[in-house]
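For reference, the structure is listed below as structure tokens.
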Amino acid sequence: MIDIGQQLPDFELTMVKPGFNHPAENDESAFETWTQDSFQGQWKVIYFYPKDFTLVCPTEIIAFAKMNDQFNAANAVVIGGSTDNEFCKLAWRREHPGLSQLNHYSFADPCGEFTKSLGLLSTASVALRATLLVDPNNCVRHISVNELDVGRNPQETLRTLQALQSGGLTACNWMPGEALIEA
């Protein structure tokens, strides 16, 4: 599994852009290429989920969507995805009312190569329920992985991101605005 302090490997994936439910809308493609060079100068919140059209996954996607403005305010782009393809993601957005016109990116890794290169492909050949916080230099600064049946907490993801961005030592349960630990 990729480790804290390691750089994201070279990759190229297709993403569905925010706000799209169809392959093209208003003469604009819903798809964009995502590589390690995308989103220069921004933190990346990359979350993996097992499959589209499942039960736990949309609860997490919707929770990340509700907090998207807070992540944006922390100079972070939210990118969620699985080993399903980009057309499946669009179909799910059209099918599930809570995912319609989703406000953040959805990546597709249908061959599982990116997921596998990070060590996040399960024995069932689906993505583990993992979250990576990646700094503007593409260095992994945080990793969490849950059992496939257990949803994660995007509020804790945001708090961890803010702690990483604080520039100092943060105590247990530290929240933005609280003092840092003095060495």
Main chain of Tyr49, side chain of Lys51: is a donor-acceptor contact present, judged purely on distance under 3.5 Å?
no

Closest non-hydrogen atoms of Asn21 and Leu99, given as atom of the first, atom of the second and distance, are OD1-O, 4.4 Å

Tracing side-chain links under 4.5 Å among I, L, V, M, F, W and Y, which residues wind up in one group with Met175?
none

Minimum side-chain heavy-atom gap Leu133-Leu164 below 4.5 Å
yes

Mind checking the NZ-CZ spacing from Lys44 to Phe39? Nearest 0.5 Å is all I need.
8.5 Å

Say you draw a straight line from CD1 of Ile4 to SG of Cys139; how long is it, rounded to the nearest 0.5 Å?
8.5 Å

Within a 6.0 Å radius of atom CD on Glu156, are there more than 12 heavy atoms belonging to other residues, nucleotides or ligands?
yes

Could you tell me which residues satisfy salt bridge (charged side-chain N to carboxylate O under 4.0 Å, His left out) with Lys17, sequence neighbours excluded, listed by chain and number?
Glu28

Could you tell me if Thr83 and Asp109 have a donor-acceptor pair between their side chains, going purely by distance under 3.5 Å?
no

Got His96 and Pro58 here, is their nearest side-chain heavy-atom distance under 4.5 Å?
yes

Are more than 12 heavy atoms, taken from residues, nucleotides or ligands other than Ile181, located less than 6.0 Å from that residue's CD1 atom?
yes

Would a hydrophobic clustering, with Ile, Leu, Val, Met, Phe, Trp and Tyr connected at side-chain separations under 4.5 Å, put Leu90 with Leu102?
no

Could you state the interatomic distance from CG (Asp135) to NE2 (His142), rounded to the nearest 0.5 Å?
13.5 Å

Does Leu8 offer a backbone N or O that forms a donor-acceptor pair with the side chain of Asn138 under 3.5 Å?
no

Under 30°, 30 to 60°, or over 60°: which ring-plane class applies to Trp34 and Phe107, parallel, tilted or perpendicular?
tilted

Decide yes or no for Leu169 and Trp174: does some side-chain heavy atom of the first lie under 4.5 Å from some side-chain heavy atom of the second?
no

Would you say Arg141 and Thr160 are linked by a side-chain donor-acceptor pair, where the criterion is simply a distance under 3.5 Å?
no

Count the heavy atoms of every other residue, nucleotide or ligand shown that sit under 6.0 Å from CG of Asn173, and state whether that count exceeds 12.
no

Can you tell if the side chain of Val77 reaches within under 4.5 Å of the side chain of Tyr105, non-hydrogen atoms only?
yes

Under 3.5 Å, side chain of Asn75 to main-chain N/O of Gly41, donor-acceptor pair present?
yes

What pair of heavy atoms forms the shortest contact from Pro110 to Asn85, and how long is it?
CB-CB, 4.1 Å

State, yes or no, whether a side-chain contact exists between Glu86 and Met15 at a heavy-atom distance under 4.5 Å.
no

Starting from Phe31, can I reach Ile46 by hopping between I/L/V/M/F/W/Y residues whose side chains sit under 4.5 Å apart?
no

Once rounded to the nearest 0.5 Å, what's the spacing between atom CG of Asn103 and atom CG of Asn68?
4.0 Å

From Ser82, Cys57, Ser100, residue fulfilling side-chain contact (heavy atoms from CB on, under 4.5 Å) relative to Trp92:
Cys57

Which pair of non-hydrogen atoms, one from Ala127 and one from Phe48, has the smallest distance, and what is that distance?
CB-CB, 4.0 Å

Grouping I, L, V, M, F, W and Y whenever their side-chain heavy atoms are under 4.5 Å apart, do Val150 and Leu55 come out in a common cluster?
no

Say whether Leu158 and Leu132 are linked into one hydrophobic cluster, either directly or through other cluster members, by side-chain heavy-atom distances under 4.5 angstrom.
no

Between Asp37 and Gln40, the two heavy atoms sitting closest are O-NE2, 2.8 Å

Just so I know, are the side chains of Leu161 and Trp43 near enough to count as touching, which here means a heavy-atom distance under 4.5 Å?
yes

Regarding Gln36 and Asp10, do their side chains bring together a donor and an acceptor under 3.5 Å, going by distance alone?
yes

Search all heavy atoms of Leu148 against all heavy atoms of Arg129 and return the closest pair with its distance.
O-NH2, 2.7 Å

Greater than 12 external heavy atoms within 6.0 Å of Glu95's CD:
no

Reported CG-to-CZ distance for the pair Asn153 and Arg159, which is rounded to 0.5 angstrom
10.0 Å

Do the non-hydrogen side-chain atoms of Phe20 and Lys89 ever get within less than 4.5 Å of each other?
no

Kindly indicate whether the side chain of Thr131, heavy atoms from C-beta on, has any atom under 4.5 Å from the side chain of Arg152.
yes

Take the angle between the ring planes of Phe114 and Phe11 and call it parallel below 30°, perpendicular above 60°, tilted in between.
tilted

Please give me the minimum heavy-atom distance between Gly80 and His104, naming the atom from each residue.
N-CD2, 4.3 Å

Would you indicate whether Glu113, at its atom CD, is surrounded by more than 12 heavy atoms from other residues, nucleotides or ligands within a distance under 6.0 Å?
no

Are Val56 and Leu128 connected into the same hydrophobic cluster when the rule is that any two of I, L, V, M, F, W, Y join if their side-chain heavy atoms are below 4.5 Å apart?
no

For the side chain of Thr115 and the backbone of Gly112, is there at least one donor-acceptor N/O pair under 3.5 Å apart?
no

How many angstroms lie between atom CG of Leu120 and atom CD1 of Ile2, to the nearest 0.5 angstrom?
8.0 Å

Donor-acceptor contact present, side-chain Gln165 to main-chain Ala74, <3.5 Å
yes

Check whether any side-chain N or O of Gln70 sits under 3.5 Å from a backbone N or O of Met67 as a donor-acceptor pair, and report yes or no.
no

Side chain Ser122, main chain Val126, donor-acceptor under 3.5 Å
yes

Applying side chain to side chain contact (heavy atoms under 4.5 Å, CB included), run through Met1 and Ile143 and close with a yes or a no.
CA-CA 10 Å; Met1 183 180 303; Ile143 304 166; 4.2 Å; yes

